[in-house]
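Just below is one structure, and these are the notes that go with it.
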Amino acid sequence: MIQPPKPPSRPNKVSLWQYMKLFRQDILSAQPARLYRAWMAEFRTPFFRSYMVNQPELVKKVLKTRPDDFPKSDRIGEGLRPLLGNSVFLTNGDTWKRQRRIIDPAFEGGRVRETFGAMWDAAEAAAHRLDAVAGQTVEIESETSHAAADVIFRTLFSIPIEHAVARDVFEEFRIYQRSQPILNIAAFVPLPRWMPRLFRRDTRASAARIRALITQLTQTRMAEIDAGTAPADLATKIMTTTDPETGDRFDTDEMVDQVAIFFLAGHETSASALAWALYLMAQFPDWQDRLAAEAQAMQDCDFAVMSKLRLSRDVFRETLRLYPPVPMMVRETTCPETFRERAVPKRSQVVLSPWHLHRHERLWDRPDDFDPDRWQTENGKQCGRDAYIPFSEGARVCPGAGFAMIEGPLLLSRILRDFRISYEEDMPPVPVAHLTVRSKSGIRLKIVRR
Ligand code: HEM
């Protein structure tokens, strides 16, 4: 049976400088293979200590049981702050809690259902775009980015990606990402605090342009809300929700920060997952055929169709296991801790790695195999509870998880309903961690009408 691509691991022993060099290239291949078997690993360097926790009990302790004691490390935001300001992704403590109280209601189950029409329209539009290139080989990550950005604009602001401002934001984002390729390095290899943080000038300029565009959208929406003419979408919901504890709402500036993160967190991740899912379908044509058959149920825009896309959901879950778009997360200890009888000092970095947990050799049956049926097995169900965190878990769980689990299978099925896809390159794609897990040099798939 063919195995989905997994990046090579580094040798067990390397110097700090070698590690940093590898790390700059890619955090996935910079890690040793033993992390797929370890419950915990300690990285000691002259400047800092960091601990990767890979044991379900420890992951639960950090994310679920005592999240307040393990806030997000400040360093994670270093590369993102010019763009995201004070957004919910970067804040901690009371500010973060207040922001979640206002945001979360917009993503509750029933609400997400209300966005289904907008998602359906985006799926139709994605299928039309592919129709225009049918018979050709296309770089699928740029197609899925386009589709996922469309989903965000339609659900958040009721505008399609063709809208001038939406398109400008999308284009600017590409520039931003190119100017900011190694986003997370500071989180893992913290620079001394005295070292100046030099953002490249083009990164700052690009962030400023994106924020100006988002400000335009947000101000217009604020005016529409005041005039009583605002559409009932996610932006309106968030901007009209009052914090039950303080009674206040987001002002325009705060909303700009949040929109920036919705756009970033909501489209990069979904685009990554969908691209890998399509690649896997090209590699496993039996599954592709099963999903295409199941997708025949998709005729009209009706939320009930989601309950018929069970296989698609299992494939999407399996994709998120093998290629979690957010491969690692970082927290910081606020007091001395003891992990597996080892003392962990205050202000240590704690790294949680969906990437390694999802392929843990002591937990999963055949961890590197693509097997969507595993979710029906005892091992799959058990690991699904204990060792599967593509959306993180606990208080800081991704608010868009429910949304993404509709969007992903919906788009996947809609595409496979009409198109057969195949991978005809000599070499398999190599997963690397950019902002999310992407293929090192894109994924080219041949698209043919069914
Ligand atoms: C397949 C798609 C997605 C995946 C795998 C994903 C994954 C994640 C993960 C792992 C985190 C936690 C990061 C951390 O703690 O360091 C997160 C946070 C977040 N996600 Fe998602 N996400 C997805 C889609 C979305 C969508 C569609 C939205 C919004 C529309 C969204 C909005 C957010 C926000 C606002 C946060 C910050 C939450 C907080 O820190 O309190 N995500 N996501």
Side-chain angles (χ1 to χ4, degrees), residues 59 62-64 67-68 70-77 80 84 86-93 95-104 106-107 111-112 115 118-119 122 144-145 147-157 183-184 187 233-235 237-238 255 257-277 313 316-317 319-332 349-355 357-358 388-412 433 435-437:
V59 174
V62 173
L63 293 178
K64 266 183 124 164
D68 288 350
F70 301 98
K72 255 194 173 175
S73 160
D74 269 355
R75 304 172 193 277
I76 196 82
L80 290 169
L84 299 182
N86 215 14
S87 92
V88 67
F89 192 76
L90 300 179
T91 51
N92 277 312
T95 307
W96 169 79
K97 284 186 181 152
R98 169 177 168 276
Q99 290 172 338
R100 286 291 297 240
R101 286 196 298 269
I102 298 179
I103 287 167
D104 283 356
F107 289 94
R111 282 276 162 188
V112 172
T115 66
M119 280 191 199
T144 59
S145 284
D150 196 23
V151 169
I152 289 292
F153 280 113
R154 286 179 192 259
T155 53
L156 203 57
F157 281 109
L183 221 40
N184 289 331
D233 51 21
L234 288 177
K237 171 67 187 160
I238 294 168
M255 187 63 189
D257 292 345
Q258 312 311 334
V259 173
I261 186 59
F262 288 143
F263 185 73
L264 179 69
H267 105 278
E268 264 287 310
T269 47
S270 294
S272 152
L274 185 58
W276 285 109
R313 200 180 153 87
F316 198 70
R317 285 187 86 190
T319 306
L320 291 175
R321 183 182 73 80
L322 287 168
Y323 302 103
V326 180
M328 292 180 205
M329 301 176 268
V330 188
R331 300 291 190 264
E332 200 165 84
Q349 306 287 299
V350 179
V351 179
L352 304 129
S353 175
W355 181 275
L357 194 63
H358 291 181
Y388 184 68
I389 51 166
F391 297 106
S392 183
E393 63 177 347
R396 261 206 121 122
V397 68
C398 170
F403 180 102
M405 285 307 296
I406 295 173
E407 172 190 7
L410 176 74
L411 283 158
L412 178 63
L435 200 50
T436 52
V437 172

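First listed ligand is number 1; within each ligand, the first listed atom is number 1.
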task: Could you list the atoms of ligand 1 found under 4.0 angstrom from a heavy atom of Gly266?
output: 25 (C), 26 (C), 27 (C), 28 (C)
message: Taking distance alone, with N or O pairs closer than 3.5 Å, would you say Arg331 contacts ligand 1?
response: yes
Atoms in ligand 1 with a heavy atom of Pro399 nearer than 4.0 Å: 19 (C), 20 (N), 33 (C), 34 (C), 35 (C), 36 (C), 38 (C)
- request: Could you tell me whether the side chain of His358 reaches within less than 4.5 Å of the side chain of Pro390, counting heavy atoms only?
  value: yes
Shortest heavy-atom approach to atom 37 (C) of ligand 1 - which of Phe316, Phe262, Phe263, Phe89: Phe89
query: Is any side-chain heavy atom of Thr155 less than 4.5 Å from a side-chain heavy atom of Phe403?
result: yes
query: Are any of the side-chain nitrogens in Arg154 or Asp150 under 4.0 Å away from the carboxylate oxygens of its partner?
result: yes
message: Measuring from atom 10 (C) of ligand 1, which candidate in Cys398, Pro325, Pro390, Ser87 has the nearest non-hydrogen atom?
response: Pro390
- prompt: Where does Arg100 meet ligand 1, judged by heavy-atom distances below 4.0 Å: at the side chain, the backbone, both, or neither?
  reply: side chain
message: Checking the N or O distance criterion of under 3.5 Å, is ligand 1 in contact with Ser392?
response: no
field: Trp96 neighbourhood, listing ligand 1 atoms whose heavy-atom distance to it stays under 4.0 Å
entry: 39 (C), 40 (O), 41 (O)
field: Side chain, backbone, both or neither: the part of Phe403 lying under 4.0 Å from ligand 1 by heavy atom
entry: side chain
- request: Decide yes or no for Val397 and Arg100: does some side-chain heavy atom of the first lie under 4.5 Å from some side-chain heavy atom of the second?
  value: yes
message: Taking side-chain hydrogen bond (donor to acceptor under 3.5 Å, both in side chains) as the cut-off, I'd like each qualifying pair that reaches into residues 257-267, sequence neighbours left out, listed once.
response: Arg211-Asp257
- request: Taking the side chain as every heavy atom from C-beta outward, state whether Trp276 and Val437 have any atom pair closer than 4.5 Å.
  value: yes
query: Evaluating non-hydrogen atoms only, which member of Arg396, Lys72, Glu407 is closest to atom 14 (C) of ligand 1?
result: Lys72
- prompt: For Asn92, which of Lys72, Arg396, Glu332 qualifies under side chain to side chain donor-acceptor pair (under 3.5 Å)?
  reply: Arg396
message: As a quick check of understanding, evaluate ring-ring contact (aromatic ring centres under 6.0 Å, His included) for Phe107 and Phe262, giving each step before the final call.
response: CA-CA 12 Å; Phe107 289 94; Phe262 288 143; 5.6 Å; yes
- request: Quick one: look at Val326 and ligand 1, take heavy-atom pairs under 4.0 Å, and tell me if it's side chain, backbone, both or neither.
  value: side chain
Atoms of ligand 1, numbered as shown, that sit under 4.0 Å from any heavy atom of Ser270: 2 (C)
